[in-house]
Amino acid sequence: MLDAADVNAVFQSYGRCCRKERFFEDFYDIFFNSSDDIKAMFQNTDMAQQYHLLRAGLLWLIMHARGASDNKLRQLGGSHDRNGYNVRPEMYNIWLRSLLLAIRNHDPEFVPELAEQWKRVLTPGIDIIRGAY
Ligand code: HEM
């Protein structure tokens with residue numbers, strides 16, 4: 001489990017970001033603009049649905065940092081691995097960078113330390129998904 005102050009700060013920041021649907025649109029715009037390979041993987045995706053899936057996925061990452069079971073993350077590891085969406089390990093770095101940019105744009109209380117807290121909180125859960133590759 002991680003530092004409770006980090007997890008709480010991230011949980012609240014996430015709440016502020018989630019108040020705007022535009023947060024998720026902005027994240028995927030940044031994510032897609034960062035790589036043509038990544039953009040191509042979402043060619044047939046219903047994006048409105050995907051915003052909701054990501055909203056839940058992010059919550060699972062944060063809950064994992066609060067000590068929740070890793071079942072959901074292992075499931076995501078299975079769908080994202082080389083036999084699934086084939087999300088190559090380095091793509092998770094781009095994912096995290098895109099997310100931090102979207103947070104900076106949408107959390108009105110953003111400060112640089114918050115980006116470090118987000119990284120500390122999400123990394124163990126991301127490692128589970130990426131580790132399944
Ligand atoms: C740790 C970060 C990530 C989380 C929490 C996450 C979460 C999710 C969730 C909840 C779904 C829907 C459930 C499922 O299909 O299993 C999904 C689908 C998907 N994810 Fe991720 N994902 C992450 C990273 C990535 C990355 C880096 C890529 C790389 C391109 C990616 C590509 C996809 C694709 C292609 C789909 C399927 C879209 C479709 O249905 O057309 N994900 N993701």
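The figures here come from the full heavy-atom set of this structure, side chains too, leaving out hydrogens, waters and symmetry mates. Indexing begins at 1, ligand by ligand and atom by atom, following the structure's order.
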Determine whether Trp118 and Arg104 make a side-chain contact, defined as any pair of heavy atoms from C-beta on separated by less than 4.5 Å. no
Which atoms of ligand 1 are found less than 4.0 Å from any heavy atom of Gln50? 17 (C), 18 (C), 19 (C), 38 (C), 43 (N)
Could you check whether any side-chain heavy atom of Met41 comes within less than 4.5 Å of a side-chain heavy atom of Val87, counting everything from C-beta outward? yes
Of the choices Leu73, Thr45, Asp46, which has the non-hydrogen atom that lies closest to atom 39 (C) of ligand 1? Thr45
min-distance protein heavy atom vs atom 33 (C) of ligand 1 -> Phe42 CZ, 3.3 Å
Ile129 neighbourhood, listing ligand 1 atoms whose heavy-atom distance to it stays under 4.0 Å: 1 (C)
Under 4.0 Å to a heavy atom of Met41 - the qualifying atoms of ligand 1, by number: 30 (C), 35 (C)
Leaving waters out, which protein N, O or S atoms fall under 2.8 Å from atom 21 (Fe) of ligand 1? His80 NE2
Any salt bridge between Asp26 and Lys20, counting N to O under 4.0 Å? no
Lys/Arg N to Asp/Glu carboxylate O, Lys39 vs Asp36, below 4.0 Å: no
Of the backbone atoms (N, CA, C, O) and the side-chain heavy atoms from C-beta on, which set of Phe31 has a member under 4.0 Å from an atom of ligand 1: side chain, backbone, both, or neither? side chain
Could you tell me which atoms of ligand 1, counted from 1 in the order shown, lie closer than 4.0 angstrom to a heavy atom of Met91? 27 (C)
Asp29 bridged to Arg22 by N-O distance under 4.0 Å: yes
Sidechain N-carboxylate O distance under 4.0 Å for Lys119, Glu113: no
Do the non-hydrogen side-chain atoms of Phe27 and Tyr51 ever get within less than 4.5 Å of each other? no
Taking the six-membered ring of Phe11 as reference, does the NZ or CZ atom of Arg66 fall below 6.0 Å from its centre and within a 45° cone about the axis? yes
Applying side chain to side chain contact (heavy atoms under 4.5 Å, CB included) to Ile128 and Arg74, what does each step give before you reach the verdict? CA-CA 7 Å; Ile128 291 175; Arg74 294 200 179 282; 4.1 Å; yes
